[in-house]
Amino acid sequence: MMKKACQAALLLSAFAGAILAQTPECPCPVPPPGPPPPWTGSAEFSYLSTSGNSTTSSLGGGLQLFYKPLPWTIGLDVHYLHSSADHVETSEQFKGALKGTRDLTAEIDVYARGSYLRDTFAGLDSLVSIDGGAGYKLLKGPVHLLRAEAGFGYSWENQVPTGIDRNYANARFGLGYKWVFSKTAQFSNDFGVLLDLADTNNWIINDT
């Protein structure tokens, strides 16, 4: 009886050893991630209303859409803002831009852009600009991205209430920062200066 028990124990040990021998020492290899999607974008909407001694409201919205057939990036950026106080309109702004960027190296790129701005409360019935230039990536991510750019172009400006039309060569300088702090959330800030080369007292600063 003892002999049979020893034989059974030996058989179980051999079977367990065979099972363990078939178990891989390391997990199966994970396939590399695929290329990023060519289309990305985001939309935003905001509304603020207050009441009391005075009544105010603010309505805003925006859309950013990107198409990235590498090494190109084509982006559409549109924003609208409207506000009022005591049911009287106090500001209204619409701006949009279409921009194409091509990477030359990991740090350097070139770009071309067309933009439109309407802000009658700032004296602009319309401002249409085109420009092209180069950019340099100071920080390349993936968490922090910082890019500076400079370029030259041409602007067509119609002022209100004078109705004066002005056409002039322009210079544009910009700085863009993005902090990606999770897979679904990020903070960004874009700063730009548009300078009239015919009259340097005529300039526009934009910060979003």
Side-chain angles (χ1 to χ4, degrees), residues 35-44 60-81 93-119 122-159 166-208:
W39 290 93
T40 58
S42 64
E44 62 186 50
L63 172 68
Q64 287 185 316
L65 187 63
F66 298 96
Y67 176 53
K68 299 181 178 180
L70 299 176
W72 287 90
T73 298
I74 300 171
L76 174 67
D77 194 355
V78 179
H79 291 274
Y80 175 77
L81 176 65
Q93 183 189 85
F94 174 81
K95 60 181 179 179
L98 181 64
K99 181 179 180 182
T101 306
R102 189 186 192 283
D103 290 331
L104 299 181
T105 68
E107 293 84 15
I108 301 173
D109 59 64
V110 292
Y111 75 89
R113 169 176 40 209
S115 61
Y116 173 82
L117 171 64
R118 175 181 171 85
D119 191 341
L124 286 174
D125 184 58
S126 66
L127 173 63
V128 179
S129 298
I130 58 173
D131 64 283
Y136 186 81
K137 299 177 183 67
L138 302 168
L139 298 175
K140 296 183 291 183
V143 177
H144 297 283
L145 298 93
L146 181 63
R147 177 181 174 276
E149 70 177 23
F152 297 93
Y154 203 79
S155 296
W156 296 263
E157 179 182 324
N158 181 261
Q159 300 177 355
R166 302 182 69 252
N167 304 331
Y168 50 86
N170 66 55
R172 185 186 292 270
F173 310 95
L175 190 65
Y177 170 71
K178 183 183 293 184
W179 173 28
V180 182
F181 51 86
S182 80
K183 292 182 179 180
T184 57
Q186 64 185 31
F187 168 82
S188 65
N189 191 90
D190 294 308
F191 174 81
V193 179
L194 181 68
L195 179 64
D196 181 351
L197 294 179
D199 179 6
T200 54
N201 290 320
N202 183 37
W203 46 264
I204 293 176
I205 290 179
N206 179 70
D207 187 66
T208 304

Report task. Measure across His79 and Gly62 and return the closest heavy-atom pair with its distance rounded to 0.1 Å. Result -> ND1-CA, 3.8 Å
Report task. Please report the closest heavy-atom contact between Tyr168 and Ala198, naming both atoms and the distance. Result -> CB-CB, 4.3 Å
Query raised in the report: Taking atom CG of Asn170 and atom CG of Asp131, what is their separation to the nearest 0.5 Å?
Result: 6.0 Å
Query raised in the report: What are the two closest non-hydrogen atoms of Phe173 and Ala150, and how far apart are they?
Result: CD2-CB, 4.0 Å
Report task. Show the numbers, then the answer: is there a side-chain contact (heavy atoms from CB on, under 4.5 Å) between Leu194 and Leu127? Result -> CA-CA 11 Å; Leu194 181 68; Leu127 173 63; 3.9 Å; yes
Report summary line: One should read off an interatomic distance between Ile130 CD1 and Arg113 CZ, to the nearest 0.5 angstrom, of 12.0 Å
Query raised in the report: Measuring from Glu107:CD to Lys137:NZ, what's the distance to the nearest 0.5 Å?
Result: 8.0 Å
Query raised in the report: Around atom CH2 of Trp156, are there more than 12 heavy atoms of other residues, nucleotides or ligands at under 6.0 Å?
Result: yes
Report task. Please report the C-alpha distance between Trp39 and Leu65 in whole Å, then the side-chain angles of each, then the deciding distance to 0.1 Å, and finally whether the side-chain contact (heavy atoms from CB on, under 4.5 Å) criterion is met. Result -> CA-CA 7 Å; Trp39 290 93; Leu65 187 63; 4.0 Å; yes
**Report entry** Distance (rounded to the nearest 0.5 Å) between Arg102 CZ and Ile74 CD1
**Finding:** 12.0 Å
Query raised in the report: Can any side-chain N or O of Arg118 pair as donor or acceptor with the backbone N or O of Asp125 at less than 3.5 Å?
Result: yes
Query raised in the report: With distance as the sole criterion, is a donor-acceptor pair present between the side chains of Asp109 and Thr101 under 3.5 Å?
Result: no
Report summary line: Output for pair (Asn167 CG, Tyr154 OH), nearest 0.5 Å, gives 4.5 Å
Requested in this report: Report yes if the side chains of Thr73 and Tyr111 come closer than 4.5 Å at any heavy-atom pair, otherwise no.
Outcome: no
Query raised in the report: Of the non-hydrogen atoms in Arg172 and Ser129, which two are nearest, and what is the gap between them?
Result: NH2-CB, 4.0 Å
Query raised in the report: Going by the angle between their ring planes, with limits at 30° and 60°, are His144 and Tyr177 parallel, tilted or perpendicular?
Result: parallel
Report task. Please say which of Asp196, Leu124, Leu117 ends up in a side-chain contact (heavy atoms from CB on, under 4.5 Å) with Glu157. Result -> Leu124
Query raised in the report: If you draw a 6.0 Å radius around CZ in Phe152, do more than 12 non-hydrogen atoms from other residues or ligands fall strictly inside?
Result: no
Report task. Heavy atoms only: give me the nearest Ala148-Leu175 pair and the separation to one decimal. Result -> CB-CD1, 3.8 Å
Query raised in the report: What are the two closest heavy atoms between Tyr116 and Ser126, and how far apart are they?
Result: CE1-CB, 3.8 Å
Requested in this report: First locate atom CG of Leu76, then atom CG of Leu63, and finally report the distance between them rounded to the nearest 0.5 Å.
Outcome: 6.0 Å
Report task. Please report the C-alpha distance between Lys95 and Asp119 in whole Å, then the side-chain angles of each, then the deciding distance to 0.1 Å, and finally whether the salt bridge (Lys or Arg N to Asp or Glu O under 4.0 Å) criterion is met. Result -> CA-CA 8 Å; Lys95 60 181 179 179; Asp119 191 341; over 6 Å; no
